[in-house]
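For reference, the structure is listed below as structure tokens.
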Amino acid sequence: MSDTLITIIAIALAALLMFVSPLMTMADRTDDVSQIAAQTAVTEFINDVRTTGKITPERYNQLAEDLNATGNLFDVELEIQILDQNPGKKGVQVVRDKVGENVYYTVYTSQILEDLEKNNQPWTLKEGDIITCKVKNANPTLSQQLKNFFYMIVGNDTYTIVAEDSGMITITGVK
Amino acid sequence: MKLQNLAVIFVIIILPISLVLTSYIHSRIDTLELQLSYDTKLYNATYDAIKAFQINTIGSSTSDLADSKMRDLQASVNAFFTSVQSNFSMNGYNKETLQNHVPALVYTLYDGYYIYSPFTNTLDEKTQQALNVTGKNTNDVRVYDFKPYVYYSCRYIRNNIDVVITYSLDSYITIVGTISDEYVNKSGYLLSSVEYDDNKKVKYRGQEILESGYETLRENICVDGEIKTYPYQKVNGVKYYKDESNGEVFSVSNGEKKVQIGSKLDVIKNDNAVLYYKQAAELKEFIKDKGLIDLEAGDAVDENGKKNTNFVGTYRIFGELNNDYGDDKKIIQIEDENSDFNNHRLDVIKYSIEKNLSVAISNFNDNSTSTSDFAMPKLKDEEWSRLTRNIGMISFLQGLSIGGKIYNGYSIITNNKNEEFVADESIYIVTNDGTYHNVADSDLEGNVLSGGVGYFNVDFERKSGQTTTGTKYYYPREEMGCYYSTVSQSNIKSGSIYDILKSNAELAKIYYTALARERYGMYRPQNEYENMLQ
């Protein structure tokens, strides 16, 4: 092999080592930091909702702002399991005189946001309901883009930042 | 130097830096994640404790009496530590070990609070011998237990007035002290626009309450092995029922009938609501007559009788008691959330808890075998606001290693479904279609309200009783919950309940009657129990 070829390979390797590798490492760390920031935002949001019994438009906007502060766009999914405390609503009736067996039904993001955003009203919850919040990055992060460029392993649908938390509501909320 | 050499030098420098940085960031992330998960676990454990308290108080007919309440609180503390054990994967650690990381647990109740923290037992030798106590009850032993109940109270001195006022989670106050050298002891609810005349006619916020003077309420109860429906009246925390077949008045304790021989209580004519407003009207007159209406926040003094610098301001604490009620929303009633009285009440509660809690936590350092230093975290205003509106619990967990950092967390959980306190939102309205609704339900208008009655939300909770065929579950009230307002909470008007009631006179009458009746029926140590049963 000629010297020229070796030089070209050496330059390519040097470029890889000196630019791409640090860039990818830094991009990975940025994702790590975004991940923890997103997890913190989601956990704090869930804990606030659990202890106040309501999701106010302001609190939801604050979650969105906290997530945006990471520099990424996020897809927020909310799910609330609402406890139906009415007696006689039973799934499988095992004992005839059994009363108070509880069932849950679920509402999802769009239903919740309709109240929060369109009507600008808080969404109130009651003690015993369960809320889940899941966020995942909607835009490819720098780390994702670099990985896609170099080794095409990570598809566009794979999320690198995912944060999730859930909990039971501890108090019946008041609007 | 060749390019290859440069590359090698670069790798030698950058690689270790990159590795160390990666490892450091990962460890920080792990620490933060652990901290978040501990926060959530602490919330869960605190909720378990509050839930245990809630279940025990709802299920017990004597839960409001001091001994019984202490038992329920002990059970709640045990629930907390058991939950901490399982949540924090500390199985095998016993309560005593975990206590080294819990400087204090605070239960904020209706008119005061308990602090659960360590202290040194003090008992003189003579008493010790007389009581023949052993173990943790002996002198000089460090014990973890509840310290005496502390009331939300404050002393005021102004001219000839020297009184201690005890506040509560609503507008109920107790005034004890001397006015012009005369001893006074008066308690009741503070209401601005209450009118009570000699014909027992009551008007509150422009609405005439309970025109007939009484109401008849019935509910299911498990007594002597059978679930039956009886008329009832709640007096000083105890529900009295009447057997209409023989006129017997009885209460129920552990499923057994306790007949009240010679009781003059007419259970069928339940006049609690009227008596509530009567008591409020009397208190209003008392405050005006005795000159207490001029009492200012700045008249508060500390334990030594010196000006308490924590309460400044020249506003009158009871000044709003004289306010009229009208369509003008600007007229603030003393019981409103934005009143001066309410602001001062919050300040007193906050000051009292903060003062005692910081002492308890700093004393913990002397008592604890843990090596870490414990400090009182600063609670946010929003958290204080929650604590002063409902009964609640504050838990502290400190000194756990979370990798490069020591965990120092607290959690506050409040609850509005318990036998301790009737909050504004604790009243459900039963309509003639056999369902119960939230007061702010948008559908509560017009015909649906005819014959409507309000009840305490606890009465819709499932209860158990021992019958001849074993344990049976029943509901004191049989109505179903409205899906829009109580189950999904979706069809609810926003804003203060009192604002909603301004435009709905029919609902206002039902609500004010129910709120008054349920509040008057609560156990209060200051109640003149004998007179109430007449």
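In what follows, chains carry the letters A, B, and so on, assigned in the order in which the sequence lines appear, proteins first and then strands, with residues in each chain numbered from 1.
- Proximity to chain B (any heavy atom under 4.5 Å) is restricted, for A:Ile82, to the side chain, taken from C-beta onward.
- The shortest distance between side-chain heavy atoms of B:Ile50 and A:Thr170 does not fall below 4.5 Å.
- Between A:Arg29 and B:Leu21, every side-chain heavy-atom pair lies at or beyond the 4.5 Å cut-off.
- For the set A:Arg50, A:Met168, A:Gln35, the entry with the most heavy-atom pairs within less than 4.5 Å of chain B is A:Arg50.
- Neither the backbone nor the side chain of B:Glu383 comes within contact range of chain A; no heavy atoms are under 4.5 Å apart.
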>> As a quick check of understanding, evaluate side chain to side chain donor-acceptor pair (under 3.5 Å) for B:Arg386 and A:Thr52, giving each step before the final call.
In response: CA-CA 8 Å; B:Arg386 275 196 281 136; A:Thr52 55; over 6 Å; no
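- The environment of B:Tyr484 atom OH is sparse: at most 12 non-hydrogen atoms of other residues, nucleotides or ligands sit within 6.0 angstrom.
- Neither the backbone nor the side chain of A:Asp28 has a heavy atom closer than 4.5 Å to any heavy atom of chain B.
- A distance of 12.0 Å separates CD1 in A:Ile46 from OH in B:Tyr43, rounded to the nearest 0.5 Å.
- Interface remark: B:Asn44 contributes backbone and side-chain atoms alike to the contact with chain A (heavy atom separation under 4.5 Å).
- For A:Ile112, no part sits under 4.5 Å from any heavy atom of chain B, backbone or side chain.
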> Can A:Lys126 and B:Thr486 be said to form a side-chain contact (heavy atoms from CB on, under 4.5 Å), step by step?
Replying inline: CA-CA 8 Å; A:Lys126 67 175 178 303; B:Thr486 59; over 6 Å; no
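- In this structure the side chain of B:Ile29 reaches within 4.5 angstrom of the side chain of A:Ile36, judged on heavy atoms.
- The heavy-atom pair separating A:Thr43 from B:Thr40 by the smallest distance is CG2-OG1, 3.5 Å.
- A 6.0 Å sphere centred on CD of A:Gln111 holds more than 12 heavy atoms belonging to other residues, nucleotides or ligands.
- Within a 6.0 Å radius of OH in B:Tyr24, other residues, nucleotides and ligands contribute 12 heavy atoms or fewer.
- For A:Thr51 against B:Ile412, the heavy-atom pair with the smallest separation is CG2-O, 3.6 Å.
- Within the 4.5 angstrom heavy-atom criterion, atoms from both the backbone and the side chain of B:Leu32 approach chain A.
- A:Glu127 places a side-chain heavy atom less than 4.5 Å from the side chain of B:Gln54.
- With a 4.5 Å cut-off on non-hydrogen atoms, B:Ile497 does not touch chain A at all.
- With chain A as partner, the option from B:Ser18, B:Ser488, B:Ser490, B:Gly495 having the largest number of non-hydrogen pairs under 4.5 angstrom is B:Ser488.
- Residues B:Asp39 and A:Asn47 come closest through the heavy atom pair CB-ND2, 4.4 Å.
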> Going through the checks in order, is the side-chain contact (heavy atoms from CB on, under 4.5 Å) test met by B:Val487 and A:Asp84?
Replying inline: CA-CA 6 Å; B:Val487 177; A:Asp84 183 352; 4.1 Å; yes
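- At a 4.5 Å heavy-atom cutoff, A:Ile80 makes no contact with chain B through either its backbone or its side chain.
- Contacts between residues 53-78 of chain A and chain B, counted as heavy-atom pairs separated by less than 4.5 Å, involve no residue at all.
- Comparing A:Thr124, A:Val107, A:Leu13 by heavy-atom pairs within less than 4.5 Å of chain B, the highest count is held by A:Thr124.
- Of the atoms belonging to B:Lys493, it is backbone heavy atoms, and not side-chain ones, that fall under 4.5 Å from chain A.
- At least one donor-acceptor pair closer than 3.5 Å links the side chain of B:Asn416 to the backbone N or O of A:Thr172.
- A heavy-atom distance below 4.5 Å is found between the side chains of A:Thr25 and B:Thr22.
- Each of B:Gln489, B:Glu425, B:Arg389 was compared with A:Val174 under the side-chain contact (heavy atoms from CB on, under 4.5 Å) criterion, and only B:Glu425 meets it.
- Residue with the most contacts toward chain A among B:Asn390, B:Ile413, B:Ile17: B:Ile413 (heavy-atom pairs, distance under 4.5 Å).
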